[in-house]
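Scroll down for the structure; my scribbles are underneath it.
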Amino acid sequence: MRIRIAEPEIDKDNPFLHDKLERKQSAIVLTQLFGNVDGPFVLCLNSASGSGKTVFIRMLRQHLFNEGFPSIYFNARESDYQDNPLMAFIGEINSGFDELKKQGFESERARKVFKKIKKTGKDIVKKSIPAVVKIASHGTLDIEKGMDDTFSEFVSGVLEEQIKNYSATKDHVKKFREQLKEMVEDLQKNENNREQTIRPLIFFIDELDLCRPDYAIQVLEKIQHFLEVEGIIIVLGMDMEQIGYSVKTVFGQNMKERNYLRKFIDFEYNLTSDNYTGELYCGYLSTETPLTEIINKNSNPEILTEELKYSAMLMASTFSLSLRDLNLLCSSVYLFFLSCENLRTEAVSLSVILISLKMRHTKLFNQVMNKERTVLYVINELNKIKRENNAVKEYDKFFIERRISSLSLKKFTEEEYQHQVLSGSVNTNNEHIKVYKTIKENNRSESAELFTEVLIKRLKFLDSFKIN
């Protein structure tokens with residue numbers, strides 16, 4: 001059985017068939033934009049890491065293919081071990097021809113032009129390699145008499161060669177861009193583009209914000225120098241805030257990173273990743289993942305599914321969990337479920353709540369595991385965290401109180417209990433009063449203590465696993 005949440009298959013005829021986040025409308029808007037923009041044009045698809053950006057790009061690419069747009073995908077993080085992004089661009093274009101052919105694009109003529117692009121690219125790289133001359137160390141080295149004149153002549157020769165290379169490189173860059181434009185024009189004939197409408201080449205550059213800072217800046221600079229060509233639209237899939245840190249790392253903390261990035265980016269499109277998106281994804285995790293198979297083996301699977309979905313949604317909004325965080329939460333809860341013969345409703349929600357605490361509030365999680373705090377304290381802290389990130393809905397507060405009330409942790413006194421009730425923390429309606437009566441009863445209940453011990457033991461068992 002597969003534990004890791006698999007990325008959805010992209011259906012060729014219906015790319016958004018398995019779209020769980022309702023992002024098809026974003027693809028339609030972007031496609032309309034790309035069809036009405038004269039290049040060169042650079043768009044930043046802005047979204048935090050772990051928000052489903054790469055999956056959206058894959059769906060968008062297939063949608064663009066179907067609309068007659070040629071497209072190339074470049075994952076920058078997979079190439080940041082090298083120092084020259086230009087060669088990575090060329091390599092990615094080369095490997096993209098087979099996919100373009102499969103998608104119905106006339107790539108043979110473009111492939112012939114690409115051979116010239118490869119040669120020009122090699123010439124650019126060769127001419128731009130600087131000669132390493134340690135001129136600064138000349139005065140400190142023990143140079144034999146008569147070597148000064150020879151060294152000076154050598155340096156002069158190197159400088160003259162570099163000046164020639166500079167001029168030659170400018171010519172090669174110009175030729176490179178012209179050849180790239182010719183290649184893009186040759187890609188226009190394809191079975192999807194029956195009207196022969198001019199469609200730009202969409203060049204996706206993904207995960208730039210996850211590259212080492214100096215390489216990320218090099219990629220941006222190389223885009224401007226080599227890829228900003230008529231007929232090419234660059235789409236940068238990255239987190240603008242994170243790439244801003246890279247800018248400051250390279251140029252210093254006083255650098256105004258937004259001003260710098262505006263040199264390269266024409267438009268930003270913010271890919272939605274809000275509470276509603278989180279709710280949609282929690283619904284998917286609760287009904288279409290390995291968790292579902294375990295839940296269906298228990299009695300009342302519908303009730304357990306709703307419990308899982310709601311508690312996951314609540315923790316996602318409480319701790320601002322990304323989709324990647326929710327995948328990790330789902331995997332951990334799956335392991336917890338494997339250790340349970342029969343799932344109780346309270347165990348489902350408490351596993352989600354406490355594992356989320358472990359991910360985001362380790363101190364409070366450890367205090368629960370070691371029974372160092374009372375149930376009253378844990379409830380107050382969770383509601384406090386919820387208030388810091390989002391407005392607390394009354395039912396959310398009630399849900400947390402009702403689930404945490406099942407636990408028996410550090411014993412509290414009658415004075416502490418009365419203080420909690422009289423401080424206004426307890427709502428005066430009957431349901432809330434019942435919850436706090438349960439909390440008081442479970443303070444010294446053997447069954448509650450046994451349930452808590454089993455729950456803690458199973459959660460501690462997860463410490464043996466490291467889930468990435």
Side-chain angles (χ1 to χ4, degrees), residues 1 3 5 20 275-319 321 323 325-361 364-365 368 375 378-379 382-383 385-386 390 392-409 427 431-432 434-436 438-439 442 447-448 450-459 461-462:
M1 182 180 290
I3 295 179
I5 307 302
K20 307 301 179 182
N275 285 344
Y276 178 66
T277 305
E279 289 177 9
L280 290 172
Y281 199 63
C282 287
Y284 160 66
L285 293 176
S286 304
T287 56
E288 301 181 52
T289 64
L291 286 169
T292 311
E293 297 181 31
I294 297 180
I295 287 176
N296 287 339
K297 293 177 182 177
N298 290 265
S299 57
N300 299 319
E302 296 84 4
I303 295 175
L304 295 177
T305 298
E306 281 303 309
E307 189 76 11
L308 174 63
K309 178 181 177 181
Y310 186 79
S311 55
M313 285 166 45
L314 183 56
M315 291 300 100
S317 63
T318 298
F319 293 106
L321 300 179
L323 304 188
D325 293 330
L326 287 171
N327 283 343
L328 175 60
L329 174 63
C330 178
S331 299
S332 299
V333 171
Y334 172 81
L335 292 173
F336 174 84
F337 283 3
L338 285 178
S339 68
C340 303
E341 293 182 5
N342 294 300
L343 282 172
R344 284 178 51 177
T345 305
E346 296 85 351
V348 170
S349 49
L350 283 170
S351 66
V352 173
I353 292 170
L354 294 176
I355 291 171
S356 298
L357 265 184
K358 185 178 182 181
M359 293 168 62
R360 284 291 189 269
H361 200 315
L364 183 57
F365 171 80
V368 172
V375 168
V378 175
I379 288 173
L382 279 170
N383 283 329
I385 295 168
K386 180 76 175 159
N390 298 279
V392 180
K393 297 177 183 177
E394 194 58 40
Y395 186 77
D396 292 345
K397 180 181 177 183
F398 175 58
F399 182 87
I400 290 174
E401 292 172 346
R402 192 155 49 99
R403 290 298 170 253
I404 300 297
S405 70
S406 304
L407 298 174
S408 176
L409 301 175
N427 197 301
E431 291 300 320
H432 278 78
K434 286 179 183 178
V435 168
Y436 272 82
T438 302
I439 291 174
N442 286 343
S447 61
L450 178 60
F451 171 73
T452 304
E453 288 294 337
V454 172
L455 182 74
I456 289 175
K457 182 178 180 180
R458 286 171 175 162
L459 286 170
F461 174 71
L462 298 182

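Residue numbers run from 1 in the order of the sequence given.
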Output side-chain donor-acceptor pairs under 3.5 Å for residues 335-350, partner residues at least two apart or in another chain, one line each.
from: Ser339; atom 1: OG; to: Phe336; atom 2: O; distance (Å): 2.6
from: Ser349; atom 1: OG; to: Glu307; atom 2: OE2; distance (Å): 2.9
from: Ser349; atom 1: OG; to: Thr345; atom 2: O; distance (Å): 3.4
from: Ser349; atom 1: OG; to: Glu346; atom 2: O; distance (Å): 3.2
from: Ser349; atom 1: OG; to: Arg403; atom 2: NE; distance (Å): 3.2

Exercise. In Å, rounded to the nearest 0.5 Å, how long is the span from OG1 of Thr305 to CG of Asn300?
Worked result: 10.5 Å
For this session: Please round to the nearest 0.5 Å and tell me the distance separating atom OG of Ser331 and atom CG of Leu326.
Result: 11.0 Å
For this session: Taking all non-hydrogen atoms of both residues into account, name the closest pair between Asp325 and Met359 and its distance.
Result: O-CE, 3.4 Å
For this session: Just do the side chain to side chain contact (heavy atoms under 4.5 Å, CB included) check on Ser286 and Leu291 with the steps written out, would you?
Result: CA-CA 7 Å; Ser286 304; Leu291 286 169; over 6 Å; no
Problem set entry | Side chain to side chain, Thr452 and Asn442, heavy atoms closer than 4.5 Å | no
For this session: Please report the shortest heavy-atom distance between Ser356 and Leu321, naming the atom on each side.
Result: OG-CD1, 4.3 Å
Problem set entry | Heavy-atom side-chain proximity of Arg360 to Ile385 below 4.5 angstrom | no
Exercise. Is Thr318 close to Leu382 at the side-chain level, that is, under 4.5 Å between some pair of heavy atoms?
Worked result: no
Problem set entry | Rounded distance [0.5 Å steps], OG1 in Thr289 versus CG in Leu308 | 7.5 Å
For this session: Please list all pairs passing the salt bridge (charged side-chain N to carboxylate O under 4.0 Å, His left out) test where one or both residues lie in residues 327-339, with sequence neighbours left out.
Result: none
Seminar exercise, completed: When rounded to the nearest 0.5 Å, the distance separating CG of Leu329 from CE of Met315 is 9.5 Å
Exercise. Any sub-3.5 Å donor-acceptor pair from Asp396's side-chain atoms to Leu314's backbone N or O?
Worked result: no
Exercise. Can you check whether Leu280 reaches Lys20 side chain to side chain, under 4.5 Å on heavy atoms?
Worked result: no
For this session: Check Ser406 against Ala448 and note the closest heavy-atom contact, atom names and distance.
Result: O-CB, 4.0 Å
For this session: Mind running side chain to side chain contact (heavy atoms under 4.5 Å, CB included) on Val375 and Tyr436 for me, showing each step along the way?
Result: CA-CA 10 Å; Val375 168; Tyr436 272 82; over 6 Å; no
Exercise. Would Ile439 and Ile379 satisfy side chain to side chain contact (heavy atoms under 4.5 Å, CB included), going step by step from the backbone distance to the final call?
Worked result: CA-CA 11 Å; Ile439 291 174; Ile379 288 173; 3.6 Å; yes
Exercise. Does the side chain of Val378 come within less than 4.5 Å of Leu407's, by heavy atoms?
Worked result: no
Exercise. Do the non-hydrogen side-chain atoms of Asn327 and Leu285 ever get within less than 4.5 Å of each other?
Worked result: yes
Exercise. Looking at side-chain heavy atoms only, is the closest gap between Ile355 and Phe365 below 4.5 Å?
Worked result: no
Exercise. Roughly how far, to the nearest 0.5 Å, is the CG atom of Leu364 from the CG atom of Leu357?
Worked result: 5.0 Å
Problem set entry | Set of residues satisfying salt bridge (charged side-chain N to carboxylate O under 4.0 Å, His left out) with respect to Glu306, sequence neighbours excluded | none
For this session: Decide side chain to side chain contact (heavy atoms under 4.5 Å, CB included) for Leu459 and Val368; before the verdict, give the C-alpha distance in whole Å, the side-chain angles of both, and the deciding distance to 0.1 Å.
Result: CA-CA 11 Å; Leu459 286 170; Val368 172; over 6 Å; no
Exercise. Do the non-hydrogen side-chain atoms of Phe451 and Ser408 ever get within less than 4.5 Å of each other?
Worked result: no
Exercise. Salt bridge or not for Glu279 and Lys309, using N-O below 4.0 Å?
Worked result: no
For this session: Drop me the distance from Tyr284's OH to Thr292's OG1, to the nearest 0.5 angstrom.
Result: 9.0 Å
